[in-house]
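First up is the structure itself, then whatever we jot down about it.
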Amino acid sequence: MNGDDIVAVISIDVNSSKNEIYLSGDIKALQHNRFAWRYARDYLQPVIDGDCLVIQIGDNDTATLLTKIHNMLVKYGFEEAKSDSSEKVLSDFFEEERKFSDFSEKARHIRNNECDISDFQQFTDAVSANLPARSLYPLQLLSAYHLAFSQNACNFSVPGAGKTSIVYGAYAYLHSLPIDNPKHIDRLLIVGPLSSFGPWELEYQECFGRPARVKRLISGLSKEDKRDYLYSKTPAELTLISYASVVSLKEELGYYLRYNKVMIVLDEAHKAKNSSGGVTAKAVLGLAKYGSARVVLTGTPAPNGYEDLYNMFKFIWPNKNVIGFEVNQLRDISARNDESRTQRLVNNISPYFIRIRKSDLNIPPATVNPPILVSMGEYQQRIYDFIEKKYVQAIIEDGPVDLSSKFKAALTQARMMRLMQAASDPTMLRTPLDMVIQDDEAPAEAYQAIDDSDVLKSITDYEHLETPAKFVAVKELVEKIISKGGKVVIWATFVHTILGLKEYLTKSGIACQELYGAIPVEKDAESSTQEDEIITREHIVQEFQSPSCPYKVIIANPFAVAESISLHKACHNAIYMERSFNAAHFVQSKDRIHRYGLKEGTETNYYYILSKDSIDETIDVRLSEKERRMTEIMESMPIPLFDNVSDDLGDEDVKALISDYVRRTKKS
């Protein structure tokens, strides 16, 4: 630039009362600079008011917007003239950033177990006094201390690590602080799946030694009742709500959070991870700014990619960019497996999350018994061989596996489902697939493409010809376990199997109880009557834990109850009668009986019942490989990125089935 060049000057002013930023001066020069004006239009969205540009601050941070404007002007060669108002905003901003940096460094030291000893002891004493019925183990105490210090944190510990107890430990401390203390918390709002409600209530009683004063905002309550409750002056200490319900109660929840000092807890927070603007995720994020403390709980924070983390850290620090990357950048890091940027990401967020691994829990090791191979009966074998030949050959004829096509993926899933059903009980083949598979996104024509008319002729009378071999094998194993004084949970994929097995075991003199999606969660006491009394999931689990329980067997579906429910205090045996390719559900179901709190010397047993020479054997091998990989990831990575390891059905699963089929048919 020579001495004759004139530099365009842009003045910046801030009107805090109107929540607006004004740009004045050589605005025409700014508009004539194609790149600068495009940036301003896209990211600042100014309104032209005479010779001035007006930028609405809205929910944005003022200092962040000023920084963006500053960077734009410098980049495109403009001179910036700051007003006193903008200088003060930036000065306050940098002071706030300095304080936050100091705070973050202390949080990092705490999560690394580099605590101030006297401060930690004071916290420990307060927790002991205010959590009278539960003693937290050292890593739980550290996690609770980290949460109580920061008040805004993520806990990515594995299932069974006691995340609920950790939250109650931090809450007990913060609740015990004087009311005029800025960190004091007086209430808890738990946002989670319906299956988590009972465990939160039960854990409260086991931690505090008294029942919680609790309110469930569930479908049994009218919108008016929910609104009245959230607007009331004396809401319960513990409020429970599902993710879906948040959407319809955004305003009421905002009021409740503004007028109470509430710790908001997102349980199983991966359900709110949608970073593409999902309605539920957006509604949940909208609550964050009103919370006095914010907690995120999930053992699988990034099942598909690091972009899953974005909403979680946006929730705990809505006005800070603690993650340091935008969503598209996080997707790129996942796609490229960029180690240097991954490390930078982990460093950015490390002060704000904590993890307890399975190996940290010192749980007595479980025994995985060798698979029990069961020979199918004559009729079942004939039916299975018939449909396996039909469907596997159809998959082979379709050419290379391509599950990126929704139609082809649904068609392949349907064929796999039929094979799984035939390997357990061919009677299930009479039920149309669209009644078995609940997938709104899958094309309906894919299920209609499965023509079972010829198969149906073979299975019409199956249930009158023989009992499925797996039923017999399960009964014999259950009898052995019960004869030794044990209880057992039997996991099955299909509701038909759950109901059929219950009927078969009951006729054999074995009392049992089913536990699957159709079993309701407990209704709020205020919305139910004595005549309305029904068996709920919570009732079943509590009764099962009792030594006087009339049944020793629960038959459960991992899709419905693999999260949040604990059975380890009463049950140390699990029989898997059916399994799908979904490793996440499988691993979660195993954790129902293998969790922190097991006494030394407790023996936990897993038994797998497989139909010989069937898809069951393929699933067994694939799940073993996926579980090994998942465990390796969970133990070695600070942020577990499964990269579809836990998916229900993948290309490698289909290839493995084809390979096993070819191998078996060659032998015969």
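Throughout, residue positions are numbered sequentially from 1 according to the sequence presented.
Taking 4.0 Å as the cut-off between side-chain N and carboxylate O, Arg227 and Glu224 do not count as a salt-bridged pair. One finds no salt bridge joining Glu114 and Arg108 here, because no Lys/Arg side-chain nitrogen approaches an Asp/Glu carboxylate oxygen to under 4.0 Å. Ion pair Asp332/Arg341 flagged as a salt bridge, since at least one NZ, NE, NH1 or NH2 atom sits closer than 4.0 Å to an Asp/Glu carboxylate oxygen. Look at Lys358 and Asp591 and you find a salt bridge, because one of the NZ, NE, NH1 or NH2 atoms lies within 4.0 Å of a carboxylate O, short of that distance. A salt bridge does not link Arg38 to Asp42: none of the charged side-chain nitrogens sits closer than 4.0 Å to a carboxylate oxygen.
A donor-acceptor pair is defined here as one N or O able to donate and one able to accept, closer than 3.5 Å; such a pair exists between the side chain of Lys226 and the backbone of Ile218. Judged purely by atom type and a 3.5 angstrom limit, Arg187 has no side-chain atom pairing as donor or acceptor with the backbone of Val262. Between the side chain of Thr239 and the backbone N or O of Pro235 there is no donor-acceptor pair closer than 3.5 Å. With Asp49 contributing its side chain and Cys52 its backbone, the two residues share no donor-acceptor pair below 3.5 Å. Not a single donor-acceptor pair under 3.5 Å links the side chain of His184 to the backbone N or O of Asp180. Panel note: side chain Arg213, backbone Leu238; no donor-acceptor pair is recorded below 3.5 Å. A side-chain donor-acceptor contact under 3.5 Å links Asn71 to the backbone of Thr67. Judged by distance alone, the side chain of Gln329 and the main-chain N or O of Glu326 form a donor-acceptor pair under 3.5 Å. Looking at His175, its side chain does come within 3.5 Å of a backbone N or O of Ile185 through a donor-acceptor pair. Using a distance-only test at 3.5 Å, with no hydrogens or angles considered, a donor-acceptor pair links the side chain of Ser150 to the main chain of His146.
Donor-acceptor pairing under 3.5 Å is recorded for the side chains of Ser104 and Tyr352. With 3.5 Å as the limit, one finds a donor-acceptor pair spanning the side chains of Glu237 and Tyr204. Side-chain contact, Ser157 with Arg355: no donor N or O sits under 3.5 Å from an acceptor N or O. No side-chain donor from either of Asn347 and Ser350 sits under 3.5 Å from a side-chain acceptor of the other. Between the side chains of Ser292 and Gln151, no donor-acceptor pair of N or O atoms lies under 3.5 Å. Using modelled atom types, one finds a donor on one side chain and an acceptor on the other under 3.5 Å when comparing Gln56 with Glu20.
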Candidate pair Asn348 and Phe325, rule side chain to side chain contact (heavy atoms under 4.5 Å, CB included), full reasoning: CA-CA 9 Å; Asn348 288 350; Phe325 294 92; 3.8 Å; yes
Leu188/Ile264 under side chain to side chain contact (heavy atoms under 4.5 Å, CB included): CA gap, chis, key distance, verdict: CA-CA 6 Å; Leu188 280 158; Ile264 312 173; over 6 Å; no
Side chain to side chain contact (heavy atoms under 4.5 Å, CB included) assessment of Met630 paired with Ile633: CA-CA 5 Å; Met630 283 181 71; Ile633 290 168; 5.7 Å; no
Asn260 and Tyr256: CA distance, side-chain angles, deciding distance, side chain to side chain contact (heavy atoms under 4.5 Å, CB included) verdict: CA-CA 6 Å; Asn260 296 277; Tyr256 160 78; 3.6 Å; yes
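Considering every non-hydrogen atom in both Asn328 and Arg331, the closest pair reads OD1-NH1, 2.9 Å. Annotation for Thr342 and Asp338: closest pair OG1-O, 2.6 Å, computed over non-hydrogen atoms. The two residues Glu80 and Ile12 have their closest heavy-atom pair at OE2-CD1, 3.3 Å. Between Ile356 and Ser143, the closest heavy-atom pair is CD1-OG, 3.8 Å. Nearest heavy atom pair, residue Asn152 against residue Trp317, reads ND2-CH2, 3.4 Å. Of all the heavy atoms in Val167 and Met263, the pair that sits closest is CG1-SD, 4.0 Å.
Both tests pass for Lys215 against the ring of Tyr229: distance under 6.0 Å to the centre and angle within 45° of the axis. Figure legend: cation-pi geometry between Arg111 and Phe353, with NZ or CZ positioned under 6.0 Å from the six-membered ring centre and within 45° of its axis.
Residue Lys261 places its NZ atom among more than 12 non-hydrogen atoms of other residues, nucleotides or ligands, all under 6.0 Å distant. With a 6.0 Å radius and a threshold of 12 heavy atoms from other residues, nucleotides or ligands, Lys183 has its NZ atom above the threshold. Around atom CZ of Arg336, no more than 12 heavy atoms belonging to other residues, nucleotides or ligands sit under 6.0 Å away. Heavy-atom contacts from other residues, nucleotides or ligands closer than 6.0 Å to NZ of Lys223 number more than 12.
Note on ring orientation: taking the six-membered ring where Trp is involved, the planes of Tyr43 and Tyr39 are tilted (angle from 30° to 60°).
A distance of 12.0 Å separates CG of Leu230 from CD of Glu251, quoted to the nearest 0.5 Å. Atom CD1 of Ile69 sits about 10.5 Å away from atom CD1 of Ile10, to the nearest 0.5 Å. The line from OG1 of Thr280 to CG of Leu285 is 11.0 Å long, rounded to the nearest 0.5 Å. Here SG of Cys154 is found 8.0 Å from CG of Leu309. Values are rounded to the nearest 0.5 Å. If you take CG on Asp26 and CG on Leu30, they are separated by 8.5 Å, rounding to the nearest 0.5 Å. Ile349 contributes atom CD1, which lies 3.5 Å from atom CZ of Phe313 (distance to the nearest 0.5 angstrom).
Contact check for Lys626 versus Phe581: side-chain heavy atoms found under the 4.5 Å cut-off. Between Asp116 and Lys106, every side-chain heavy-atom pair lies at or beyond the 4.5 Å cut-off. The side-chain heavy atoms of Asn155 and Leu147, taken from C-beta on, include no pair separated by under 4.5 Å. Counting only heavy atoms from C-beta outward, the side chains of Val127 and Leu136 approach each other to under 4.5 Å. Using a 4.5 Å heavy-atom threshold, the side chains of Asp119 and Phe149 count as separate. Between Thr631 and Glu635, the closest side-chain pair of non-hydrogen atoms falls below 4.5 Å. A 4.5 Å side-chain heavy-atom check between Met72 and Leu44 finds at least one atom pair inside the cut-off. Phe78 is not listed as a side-chain neighbour of Val9, based on a closest heavy-atom distance of 4.5 Å or more.
Ring centroids of Tyr76 and Trp37 are separated by 6.0 Å or more, keeping the two rings apart. Aromatic rings of Tyr259 and Tyr255 (six-membered ring for Trp) have centroids within the 6.0 Å cut-off, being under it. Annotation: Tyr171 is not in aromatic contact with Tyr168 [ring centroid separation under 6.0 Å not met].
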